[in-house]
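Below you'll find the structure, written out as structure tokens, and then a few comments.
Convention: sequence-line order gives letters A, B, ...; per-chain numbering from 1.
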There are 2 protein chains.
Amino acid sequence: MTDADPTAREGAAQTMQDVASSLGVSVSTVSLALRGNPVVSEATRARVQAEALRLGYVYNRSAANLRTKRRHLVGFVVPDVANPFVAESALGLQAAMSEGSQFVVLANTHEDLAVQTGIIRELAEERAAGLVLIPAIGTGPDELDALRATQMPAVIMNRHLPGDRFPYVGADDEAVVDIACDHLFGVHASRTVAYFGGIDDAVPHVLRRARFSSNVRAAGLVEAMEWGVPTRPNSDSAYEVASRLIAEGTRPPEAVVCHSDMIAIGVLKALNDAGIPPAECRVVGIDGIRLASMTTPGLTTVSVHAPSLGRLAGELLLHGTGDDETVRSLVPQLVVRESCGCRT
Amino acid sequence: MTDADPTAREGAAQTMQDVASSLGVSVSTVSLALRGNPVVSEATRARVQAEALRLGYVYNRSAANLRTKRRHLVGFVVPDVANPFVAESALGLQAAMSEGSQFVVLANTHEDLAVQTGIIRELAEERAAGLVLIPAIGTGPDELDALRATQMPAVIMNRHLPGDRFPYVGADDEAVVDIACDHLFGVHASRTVAYFGGIDDAVPHVLRRARFSSNVRAAGLVEAMEWGVPTRPNSDSAYEVASRLIAEGTRPPEAVVCHSDMIAIGVLKALNDAGIPPAECRVVGIDGIRLASMTTPGLTTVSVHAPSLGRLAGELLLHGTGDDETVRSLVPQLVVRESCGCRT
DNA sequence: CTGAAAGCGCTTACAG
DNA sequence: CTGAAAGCGCTTACAG
């Protein structure tokens, strides 16, 4: 492809200086030409570009950035990349950033605060343009202070921390719960209901549970408290907890809304194992990950559009709104499949 | 946390120069002290460190790297991060890199060659320490030449390109197929069998199909060619193809090995829709993603240990073996669940 | 339209 | 044990 001069090549990386002297012009000219600055003549630009190509020159963006103090990478700091919701968000974030020709650096905290702190420090040393953070469980004022101290723009995602003063991107928790409840309580007229899974005192969990309970009261239904239990944010934990409940003889409620699709997938598996059909226990997930269409029964879910959330976070980071504390979210959408008892 | 002097702080980012003058020492001393070089006295080191902390100084790694010509980030260039296999590999890669205090930059090609080429060029401009590439469909000699021209160390993953001369990390395709066949042909004594899904002329697909066919012949079985069809590398495509086959009345073979777990998930869904149990059509996946335990029936699969593959790729990149063309892979492992008809 | 020079924030011989 | 100076590869006023 690049038809590089092998003799010029072996001397390792070429610099602007190299192409300048090879052409008998100054580095300024090369720099200007390569950037396409109209101040250099078309003819010169062409010569410079040809020579750069011939020498196999490749622009050193880091050097340029050191000079201009521009940054070119953002971090996506998450508890678990292999969580589909996170991966789908990463997709959106990455798309947004690549439009600003920024890179997104992926970092896993594994829900470990020390790891998270270390990663944030490293991003600061890297002079990242900012970061999107899904806080590890237990993230509190100390961690947030440390983050603020780095002076990097940051947006918090998915797990809203009370009073953190950082821009936040996440689902509209109450709308999400309302949509799930409307379908389950209204369309399906379930009587005993529960909100299943999620991390115990994480804000979204608290918010959603509270909303759920108030919806239940408003509808005059009964909340199956034994099934209103927290789990870790993955299918395995959900499966384990739900299976145990069933094995212990705790009768599943007529309807359960799950804190996430991954949790719902675990619940569905437990229900399938026990031979309990949607008609007996209707389940609705939250998130709308791609996988939700592949379960049996198909998972009815309230989609919050993970890729869009990621994209939103990226845009917030790049173009920054003046004020902190902004909550942005898309309007959630019910995706009906079979797990709620529709279409069976 | 960092108890930074607010007056010092407002003048934006602090530099070594700032802490040096604040202390009345030279930048060399600061640099040496901060790096923990034993040549500077313990007392000085302590003073420097305290002052750096007080000023809220944060090390500028990029500047350092420009000087030392050391690189500190690697790219993971993939068709689709949201594919669980890829995400799990990313986990392993990230773990390996963070041990070398390197960052991994995630980049999605969406199977688009032009995007892939652009990303690789950007990584080169970034002076990445290297990259791990899952080649987009259609990647050929031109793309590989361009990659080579960047002079970055690269390791190819999952989709082996013939004669590319790059180190390769991926499953041992033949062993994987043998394991699946042994179980299906031996333990379950299936008679009509098929290899389902995967990208048509991608190397792993070709290799695995060939191995599958020769195993079939060796066992004197009959290959159900109508079910030996390619798909795109995701559940939706697999579901669509399998559903169509069933709808058209093409009787499923007694056993099918799927090119990946995601494809198997699609097949399982199609089979479930049609009410065809494992006893009638046994399916085995390949990959061993976490999700495989959550399907109904549970997916029997040949695990290739995605995180380890990612880690291996990272190590290969970092410590580089002298010779190209190295194929490294872990020994695949059969994980038995219900989709093959065991434990039902 | 082009060139010489300073500077981004570090590291690293080299003196002292 | 510490300091002065050069240099990594760029960009950007400032002259000419």
Side-chain angles (χ1 to χ4, degrees), chain A residues 8 11-49 51-52 55-72 101 122 124-129 150-151, chain B residues 8 11-49 51-52 55-72 101 122 124-129 150-151:
Chain A
Q14 302 293 305
T15 70
M16 282 190 176
Q17 185 54 258
D18 294 325
V19 358
S21 28
S22 165
L23 235 37
V25 301
S26 76
V27 280
S28 340
T29 303
V30 174
S31 175
L32 264 12
L34 255 26
R35 297 295 80 198
N37 190 315
V39 86
V40 2
S41 70
E42 178 55 32
T44 309
R45 201 181 55 66
R47 284 176 58 225
V48 168
Q49 257 161 358
E51 188 64 8
L55 293 179
Y57 167 76
V58 10
Y59 184 58
N60 187 328
R61 196 184 291 244
S62 304
N65 288 147
L66 173 59
R67 180 62 231 253
T68 61
K69 299 197 150 193
R70 222 167 281 129
R71 285 99 194 245
H72 48 293
S101 70
E122 288 191 319
E125 293 186 352
E126 216 49 82
R127 295 296 187 270
T150 66
Q151 317 227 50
Chain B
Q14 302 292 305
T15 70
M16 283 190 176
Q17 185 54 258
D18 294 324
V19 359
S21 28
S22 166
L23 235 38
V25 302
S26 76
V27 280
S28 340
T29 303
V30 174
S31 176
L32 264 12
L34 256 24
R35 299 292 81 199
N37 190 316
V39 85
V40 3
S41 70
E42 177 56 31
T44 309
R45 200 181 55 67
R47 283 176 59 225
V48 169
Q49 255 159 1
E51 187 65 7
L55 293 179
Y57 166 75
V58 9
Y59 184 58
N60 186 328
R61 198 184 289 244
S62 305
N65 288 148
L66 173 58
R67 181 61 231 250
T68 60
K69 299 196 150 195
R70 221 169 280 129
R71 286 99 194 246
H72 49 291
S101 70
E122 288 191 320
E125 293 186 352
E126 218 48 83
R127 295 297 187 269
T150 66
Q151 317 227 50

Set out, in order, the CA-CA distance, both residues' side-chain angles and the distance that settles side-chain contact (heavy atoms from CB on, under 4.5 Å) for A:Arg61 and A:Ser101, then state yes or no. CA-CA 11 Å; A:Arg61 196 184 291 244; A:Ser101 70; 4.2 Å; yes

Please evaluate residues A:Ser28 and A:Ser31 with respect to the criterion side-chain hydrogen bond (donor to acceptor under 3.5 Å, both in side chains), reporting the C-alpha separation (whole Å), side-chain torsions for both, the decisive distance (0.1 Å), and the verdict. CA-CA 5 Å; A:Ser28 340; A:Ser31 175; over 6 Å; no

Rounded to the nearest 0.5 angstrom, the CE-CG distance for A:Met16 and A:Leu55 is 13.0 Å

For A:Ala64, does its backbone N or O pair with a side-chain atom of A:Thr68 as donor and acceptor, under 3.5 Å? yes

Rounded to whole Å, how long is the line connecting atom CG of B:Leu23 with atom P of D:dT2? 11 Å

Is B:Ser26 near enough to D:dG3 that one of its side-chain N or O atoms lies under 4.0 angstrom from OP1 or OP2? yes

Between A:Glu125 (CD) and C:dC10 (C1'), how many Å, whole number? 13 Å

Picking from C:dG3, D:dT11, C:dC10, the nucleotide nearest the side-chain atoms of A:Arg127 would be C:dC10

Tell me what A:Ser28 touches on the nucleic acid: a base, only sugar-phosphate, or nothing, going by heavy atoms under 4.0 Å. base

A:Leu66 or A:Arg70, whichever maps to the more 5' nucleotide of DNA chain D: A:Leu66

Would a 4.5 Å heavy-atom cut-off, applied to side chains only, mark B:Asn60 and B:Thr15 as touching? no

Between C:dT11 and B:Lys69, is there an OP1 or OP2 to side-chain N/O distance shorter than 4.0 Å? no

How many Å lie between OH on B:Tyr57 and C1' on C:dG9, as a whole number? 7 Å

Using every non-hydrogen atom in the two residues, find where A:Thr29 and A:Val40 come nearest and quote the distance to one decimal. O-CG1, 4.5 Å

Nearest-Å distance for atom pair CG/P, residues B:Asn60 and C:dC8: 12 Å

Roughly, in whole Å, what's the span from CD in A:Gln17 to P in D:dG7? 12 Å

Could you walk me through whether B:Gln49 and B:Leu34 pass the side-chain contact (heavy atoms from CB on, under 4.5 Å) check? CA-CA 7 Å; B:Gln49 255 159 1; B:Leu34 256 24; 4.1 Å; yes

Enumerate the residues from residues 31-44 of chain A whose closest heavy atom to DNA chain D is under 4.0 Å, giving them by residue number; use none for an empty result. A:Ser31, A:Leu32, A:Arg35

Please walk me through it: do A:Glu122 and A:Glu126 pass side-chain contact (heavy atoms from CB on, under 4.5 Å)? CA-CA 6 Å; A:Glu122 288 191 319; A:Glu126 216 49 82; over 6 Å; no

Could you tell me how far apart A:Arg67 (CZ) and C:dA6 (C1') are, to the nearest whole angstrom? 7 Å

Does a side-chain N or O from B:Thr29 land closer than 4.0 Å to OP1 or OP2 of D:dT2, or not? no

Among A:His72, A:Arg70, A:Arg127, the one residue meeting side-chain hydrogen bond (donor to acceptor under 3.5 Å, both in side chains) with A:Asn65: A:His72

In whole Å, I'd like the distance from the OH atom of A:Tyr59 to the C1' atom of D:dC8. 15 Å

Indicate yes or no: at least one non-hydrogen side-chain atom of B:Val48 is less than 4.5 angstrom from one of B:Leu23. yes

On DNA chain C, compare the nucleotides closest to A:Val25 and B:Val58; which residue's is nearer the 5' end? A:Val25

Stems in DNA chain C: runs of 3 or more consecutive Watson-Crick or G-U pairs, distances under 3.5 Å? C:1-3 with D:14-16, C:5-12 with D:5-12, C:14-16 with D:1-3

Please give, in whole Å, the distance from D:dC10 P to A:Gln14 CD? 10 Å

